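What follows is a single structure, written as structure tokens, with notes after it.
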Amino acid sequence: MDIRELARHLGLSIGTVSRALNDRKDVSPATRQRVVEAAAKHGYIPNQSGRTLRSGRTGTVGFMLTLEHDSAIHGDPFFMALLEGLQNGLSEHDLDLVVLLARKGEDALTFLRRHVSRGTVDGWVLSGTQHDDPRIPFLLDRNIPFIALGRTAIARDYAWIDLDFEGVMADAMTLLTKAGHRRIGLVAPPATINNSHIVVERYRDALARADIPFDPALVHHGETDESDGEATASELMAMPDRPTALLLMGETAPVGAYRALRRLGLEPGRDVAVIGLRDNPACRALSPDLTCFSLDLGDLGLALARGLVAMLPGQTEDGGPAVQALWGMTLRLGQSHKVER
């Protein structure tokens, strides 16, 4: 039932029905109650296009997702759990979440520019932040509300929540260096991704603290997916002075690394220490149990939603300063790191 049919059914003008549904004060309480009850009974659905034209708002938030990362490509539930938390947080303010998927290899700024020009959503959640991410100044210069899942090297003030990669690297490297490992292979994301820079910097810092020389041959930048984990582990183990430990900063890279090690006659947790990034379903089946990190993705999504809502017009009276926070991850000790040198 549209608004014309609802008005005809009630014997009221379209304007009166519209004002009643929008809780305008020039409609009597009795009429308002009558209209609201009838709308609920007959399944009236407001025309979103009309509401958007009148208010200039869509009532939706866009999550920009790319297919550049293994968690999306391989169906890992990282984003599904995160999006559930996001939607729960947005629902508190009668906002809906839409996922806008950029094709693999598609220019992210071009994709974003196209949707901004269309007025697709009221605000944005950006993922896969680059070291030098042109989406950030693009949105800032246009005063478009957004929050980033991740930091960048851009020296401007904007809202972000990032995983605490500094803490992850400190915990993982302390575990390995204290066990006597001096040859630690690192599988990091592509150098264009901002967290790759953080990971490598903290890796080098940890080596320096342990008085271990940095060997660039032990650092690999790649897709950090299962295939990359397998190929990189094979390459690192072929070195004359091969690593005794692997630190894999990818969702599914440990699965490939386990396979490569066993093909070479090496056993994870006995011959080579292995530490992964996150406790995810793909890695839970690994034996020995993978040492990795855990986090509450639902709560992270909720925090992103609240950080963005605080910047949306009409949602809060005073959102205060933009949220900027590191999201902690907890070390989960398995058996895969228990190799001492």
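What you see is a predicted model, and the numbers here were worked out from it, not measured in a lab. When reading the values below, keep in mind they use all heavy atoms of this one structure, side chains included, and skip hydrogens, waters and symmetry mates.
Side-chain contact check for Tyr258 versus Pro288: some heavy-atom pair is nearer than 4.5 Å.
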Give every donor-acceptor pair under 3.5 Å between a side-chain atom in residues 330-337 and any protein atom, sequence neighbours left out.
{"from": "Arg332", "atom 1": "NH1", "to": "Asp289", "atom 2": "OD2", "distance (Å)": "3.1"}
{"from": "Arg332", "atom 1": "NH2", "to": "Asp289", "atom 2": "OD1", "distance (Å)": "3.3"}
{"from": "Arg332", "atom 1": "NH2", "to": "Leu290", "atom 2": "O", "distance (Å)": "3.0"}
{"from": "Ser336", "atom 1": "OG", "to": "Val274", "atom 2": "O", "distance (Å)": "2.6"}
{"from": "Ser336", "atom 1": "OG", "to": "Thr291", "atom 2": "N", "distance (Å)": "2.9"}
{"from": "His337", "atom 1": "ND1", "to": "Thr291", "atom 2": "OG1", "distance (Å)": "2.7"}

Please tabulate, for side-chain N and O atoms in residues 237-250, each donor-acceptor pair with protein atoms closer than 3.5 Å (sequence neighbours left out).
{"from": "Asp241", "atom 1": "OD2", "to": "Arg183", "atom 2": "NE", "distance (Å)": "3.4"}
{"from": "Thr244", "atom 1": "OG1", "to": "His181", "atom 2": "ND1", "distance (Å)": "2.7"}

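Ser117 places a side-chain N or O within 3.5 Å of a backbone atom of Arg114 that can act as its donor or acceptor partner. For the pair Arg284 (side chain) and Asp279 (backbone), a donor-acceptor distance under 3.5 Å is present. Of the possible polar contacts, none joining the Asn195 side chain to the Ile198 backbone as a donor-acceptor pair under 3.5 Å is found. Remark: the backbone N or O of Gly59 is paired with a side-chain donor or acceptor of Asp122 at under 3.5 angstrom. Between the side chain of Tyr203 and the backbone N or O of Met173, no donor-acceptor pair lies under 3.5 Å. Formation of a donor-acceptor pair under 3.5 Å by the Arg32 side chain with backbone atoms of Val27 is found in this model.
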Chi angles and distances behind the side-chain contact (heavy atoms from CB on, under 4.5 Å) call for His220, Asp228 | CA-CA 10 Å; His220 168 84; Asp228 185 54; 2.9 Å; yes
Which is it for Arg202 and Asp205 under the side-chain contact (heavy atoms from CB on, under 4.5 Å) test, yes or no, and what are the steps along the way? CA-CA 5 Å; Arg202 295 303 182 266; Asp205 290 345; 3.7 Å; yes
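The CD atom of Gln130 sits 10.5 Å away from atom CD1 of Ile136, with the distance rounded to the nearest 0.5 Å. A distance of 5.0 Å separates CG in Leu326 from CG in Asp164, rounded to the nearest 0.5 Å. Between the CG atom of Leu82 and the CG atom of Leu300 there is a distance of 5.0 Å, given to the nearest 0.5 Å. A distance of 8.0 Å separates OG1 in Thr177 from CZ in Arg209, rounded to the nearest 0.5 Å.
The side chain to side chain contact (heavy atoms under 4.5 Å, CB included) search around Gln87 returns Leu90, Ser91, Asp96, Leu97, not counting sequence neighbours. Residues meeting the ring-ring contact (aromatic ring centres under 6.0 Å, His included) test with Phe63, sequence neighbours left out: Phe79. Qualifying salt bridge (charged side-chain N to carboxylate O under 4.0 Å, His left out) partners for Glu201, counting only residues two or more places apart in sequence or in other chains: none. Every salt bridge (charged side-chain N to carboxylate O under 4.0 Å, His left out) that Glu267 has, sequence neighbours left out, goes to Arg262. A search for salt bridge (charged side-chain N to carboxylate O under 4.0 Å, His left out) contacts involving Asp133 returns Arg135, not counting sequence neighbours. Listed by chain and residue number, nothing satisfies the salt bridge (charged side-chain N to carboxylate O under 4.0 Å, His left out) test with Arg204 (two or more places apart in sequence, or in another chain).
Grouping the Ile, Leu, Val, Met, Phe, Trp and Tyr side chains by contacts below 4.5 angstrom, directly or via other members, places Leu304 with Val99. Hydrophobic clustering (ILVMFWY, side-chain heavy atoms < 4.5 Å, transitive): Leu139 and Met311 are in distinct clusters. Cluster membership for Leu100 and Leu126, using ILVMFWY side-chain heavy atoms within less than 4.5 angstrom, is shared. At a threshold of 4.5 Å between side-chain heavy atoms, the hydrophobic network of Ile, Leu, Val, Met, Phe, Trp and Tyr places Leu101 and Leu86 in one connected group. The same ILVMFWY cluster, assembled from side-chain heavy atoms under 4.5 Å apart, contains both Leu163 and Leu277.
Nearest heavy-atom pair across Val255 and Cys283 is CG2-SG, 4.2 Å. Residue Pro254 comes nearest to Gly276 through the heavy atom pair CG-CA, 4.0 Å, listed as atom of the first residue, atom of the second, then distance. The two residues Val35 and Leu12 have their closest heavy-atom pair at CG2-CD1, 3.8 Å.
Side-chain N/O atoms of Arg263 and Ser234 include a donor and acceptor closer than 3.5 Å.
Note on residues 98-142: pairs passing ring-ring contact (aromatic ring centres under 6.0 Å, His included), not counting sequence neighbours, are Phe111-His115, His131-His197. The list of salt bridge (charged side-chain N to carboxylate O under 4.0 Å, His left out) pairs with a residue in residues 5-15, not counting sequence neighbours, is empty. Within the structure, the side-chain hydrogen bond (donor to acceptor under 3.5 Å, both in side chains) test picks out the following pairs touching residues 144-158 (sequence neighbours left out): Asp141-Arg156, Arg151-Asp162, Arg151-Glu166, Thr152-Tyr158, Asp157-Gln324. Annotation: ring-ring contact (aromatic ring centres under 6.0 Å, His included) contacts involving residues 260-308, sequence neighbours excluded, are absent.
Counting non-hydrogen atoms of neighbouring residues, nucleotides and ligands closer than 6.0 angstrom, the CG atom of Asp26 exceeds 12 such neighbours.
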